[in-house]
Chemist: 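Encoded as structure tokens, here's the structure I'll be asking about.
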Amino acid sequence: MAASLRASSSSLRSRLLSSSSAAWSPWSHVLSSSVHSEASNQTETLAFDEIQLSPEKPSTATAFVLHGLLGSGRNWRSFSRALASELRDRSPSDEWRMVLVDLRNHGRSAGIKGLRPPHDMSTAARDLADLVKARGWAWPDVVVGHSMGGKVALDFAESCSRGDYGESADLPKQLWVLDSVPGQVETDNSDGEVERVLQTLASLPSSLPSRKYSLFPCCSGRAAAARCFLHARACITVPVAAVAAAARQPNNPCMWVVDHMINLGFSKSLSEWIGSNLKKDNEHVTWAFDLQAAIDMFNSYRERSYWTLLENPPKGLDIAIVQAELSDRWLSDDVQRLKALSRRESKPDAGKVSLHVLPNSGHWVHVDNPKGLLEIMTPNFLSAAKI
């Protein structure tokens, strides 16, 4: 399946999903004044959100939070706010600042033209360094990465330790790698769900009419609609099942995408999450990611291995791996290898690795068991602030 994604790369490139810098979210009204959304237009660095419970106070520590494939920083708003609140309750003197990054080709960063190929883990990590430099920030004390974001976090730390970002770069004190296998990912050992999602999205049109406009402006009935889907740029063939779902939800493109995904056998929660990645773009809604570039990043995620970093963590770096108890991402050999690394005697000239198991949780750790994740992470964040 992974090979077919590479083979279809050229055909997918002609169907790049269009993006804009203005994200649309049905939940945007719940954001409080303590969340600040900014994108650097001058330097074309990554888009991000900031969460700080008392923004009028200077922060005492900073954590970067990195989402997974096809996600965005907004996926982590609720959990990051809860984490910041828990940290303040336990240690009122600490003022944590959470920076929720939209990685390249995702969220609002998908509309930034300065983020050039190659689209891989190393360039995604370098984007973080460029963001820090462009903003004149202190380097992050902690980097949290979920799934693909976990490997970006590992690459960032590895590059910092090698001096790739210059002498001014400071190594993070801690990494949190959330349900992300640190080695190469053998897709033959999984159910291929990610690949199926990517191929399904490639079969859909690149933009959909928004709720303000007729879903089939060029068609007179469902039969015609099943043959043709007219949008701003071209007439695109769409699966009949998708058209049927669209006809049932003429004023809600998000819902017909969800229906279509469910009809193809994807879970309701995954389908709804995919649907939430639609954003408004003038008269249409489009995806909040660049599909072909995301496929490139997924291939890099599969192929890159960071076992060398885990086996030789640089001095001053704590790497915490969180394995979701019910996740299907893990092979027993990988888990045993991590357990052995976490049991090693600490050395004064080296960092350390720890393994934590999050009970009652699948891959979506911040949704399945956010309370349990907070209980694992909070004490370690507090220790990072004291270093």
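Heavy-atom basis, side chains included; hydrogens, waters and symmetry copies ignored.
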Chemist: Can any side-chain N or O of N369 pair as donor or acceptor with the backbone N or O of V365 at less than 3.5 Å?
Modeler: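 Not confirmed, N369 side chain does not pair with V365 backbone.
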Chemist: Under 3.5 Å, is there a donor-acceptor pair between the side chain of E325 and the main chain of N360?
Modeler: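 Yes, the answer is positive, given that a donor and an acceptor are paired below the 3.5 Å cut-off.
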Chemist: I'd like to know if R302 and E195 make a salt bridge, using a cut-off of under 4.0 Å between side-chain N and carboxylate O.
Modeler: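 Judged by the 4.0 Å cut-off on N to carboxylate O distance, R302 and E195 do not form a salt bridge.
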Chemist: Can you confirm whether V142 sits close enough to W176 that some side-chain heavy atom of one is under 4.5 Å from a side-chain heavy atom of the other?
Modeler: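 The answer is yes, as the side chains (C-beta and beyond) meet within the 4.5 Å cut-off.
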Chemist: Identify which one of L178, L66, V177, L175 satisfies the side chain to side chain contact (heavy atoms under 4.5 Å, CB included) criterion when paired with V144.
Modeler: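 Result: among L178, L66, V177, L175, L178 is the only option passing the side chain to side chain contact (heavy atoms under 4.5 Å, CB included) with V144.
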Chemist: Quick check: does any side chain N or O of S327 sit under 3.5 Å from a backbone N or O of H363, one acting as donor and the other as acceptor?
Modeler: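 Looks like no, no N/O pair under 3.5 Å.
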Chemist: Taking K339's backbone N and O only, do any of them form a donor-acceptor pair with S342's side chain (distance below 3.5 Å, no angle check)?
Modeler: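 At least one qualifying donor-acceptor pair exists.
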Chemist: Is a side-chain N or O of N299 found less than 3.5 angstrom from the main chain of D296, in a donor-acceptor match?
Modeler: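 No: the side chain of N299 does not pair with the backbone of D296.
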Chemist: Are side-chain heavy atoms of L115 and T45 found at a separation under 4.5 Å?
Modeler: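 Not in contact.
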Chemist: Once salt bridge (Lys or Arg N to Asp or Glu O under 4.0 Å) is applied, do any residues pair with K268, and if so which ones, sequence neighbours excluded?
Modeler: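 Here the qualifying residues are E272.
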Chemist: Report yes or no: is the cationic atom of R81 (NZ for Lys, CZ for Arg) under 6.0 Å from the centre of the six-membered ring of W76, at an angle within 45° of the ring normal?
Modeler: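 Judged by the rule (NZ or CZ under 6.0 Å from the ring centre, within 45° of its axis), R81 is not positioned above W76.
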Chemist: Using a strict threshold of under 4.0 Å (side-chain N to carboxylate O), is an ion pair present between D164 and R162?
Modeler: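 A salt bridge links R162 with D164.
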Chemist: The test is salt bridge (Lys or Arg N to Asp or Glu O under 4.0 Å); show your working for D349 and K315 and say whether it passes.
Modeler: CA-CA 5 Å; D349 60 344; K315 181 180 179 179; over 6 Å; no
Chemist: When D127 is tested against each of K133, R116, R104 for salt bridge (charged side-chain N to carboxylate O under 4.0 Å, His left out), which residue passes?
Modeler: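 For D127, the salt bridge (charged side-chain N to carboxylate O under 4.0 Å, His left out) test succeeds with only one of K133, R116, R104, which is R104.
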Chemist: In this structure, are over 12 heavy atoms from other groups packed under 6.0 Å from K352 atom NZ?
Modeler: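 No - once you tally the heavy atoms of other residues, nucleotides and ligands closer than 6.0 Å, there are 12 at most.
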Chemist: Checking the side chain of S109 only, and the main-chain atoms of D102 only, is there a donor and an acceptor separated by less than 3.5 Å?
Modeler: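 Yes: the side chain of S109 pairs with the backbone of D102.
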Chemist: Would you confirm whether the ring centroid of H106 sits within less than 6.0 angstrom of the ring centroid of W287?
Modeler: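 For W287 and H106, the ring centres are not under 6.0 Å apart.
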Chemist: When you look at W137 and F48, which way does the ring pair (Phe, Tyr, Trp, His ring centres under 6.0 Å) test go after all the steps?
Modeler: CA-CA 13 Å; W137 290 340; F48 62 91; 5.1 Å; yes
Chemist: Is it true that the NZ or CZ of R337 lies under 6.0 Å from the centre of W307's six-membered ring and within 45 degrees of the ring axis?
Modeler: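 Yes - R337 lies over the ring of W307, closer than 6.0 Å to its centre and within 45° of its axis.
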Chemist: Among R77, R97, R74, whose salt bridge (charged side-chain N to carboxylate O under 4.0 Å, His left out) with D49 holds?
Modeler: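 That would be R77.
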Chemist: Keeping the roles fixed (side chain from D318, backbone from Q174), state whether a donor-acceptor pair exists under 3.5 Å.
Modeler: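 Answer holds: no.
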Chemist: Do Y165 and F156 have their ring centres less than 6.0 Å from each other?
Modeler: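 Yes; F156 has its ring centre under 6.0 Å from that of Y165.
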Chemist: Considering only heavy atoms from C-beta outward, does the side chain of R135 approach that of L131 to under 4.5 Å?
Modeler: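 In short, these two side chains touch, coming nearer than 4.5 Å.
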Chemist: Would you call L326 and S361 a side-chain contact if the rule is heavy atoms closer than 4.5 Å?
Modeler: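 L326 vs S361: side chains apart.
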Chemist: Exactly one of V99, D155, L46 should register a side chain to side chain contact (heavy atoms under 4.5 Å, CB included) with L128. Which one does?
Modeler: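 Of the listed options, the one satisfying the test is L46.
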Chemist: Test salt bridge (Lys or Arg N to Asp or Glu O under 4.0 Å) on D179 and R329 and set out the steps.
Modeler: CA-CA 8 Å; D179 210 52; R329 288 349 192 229; 5.1 Å; no
Chemist: Counting N and O atoms only, with roles assigned by atom type, does the side chain of N263 sit under 3.5 Å from a partner on the main chain of D259, one being a donor and the other an acceptor?
Modeler: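 Yes: the side chain of N263 pairs with the backbone of D259.
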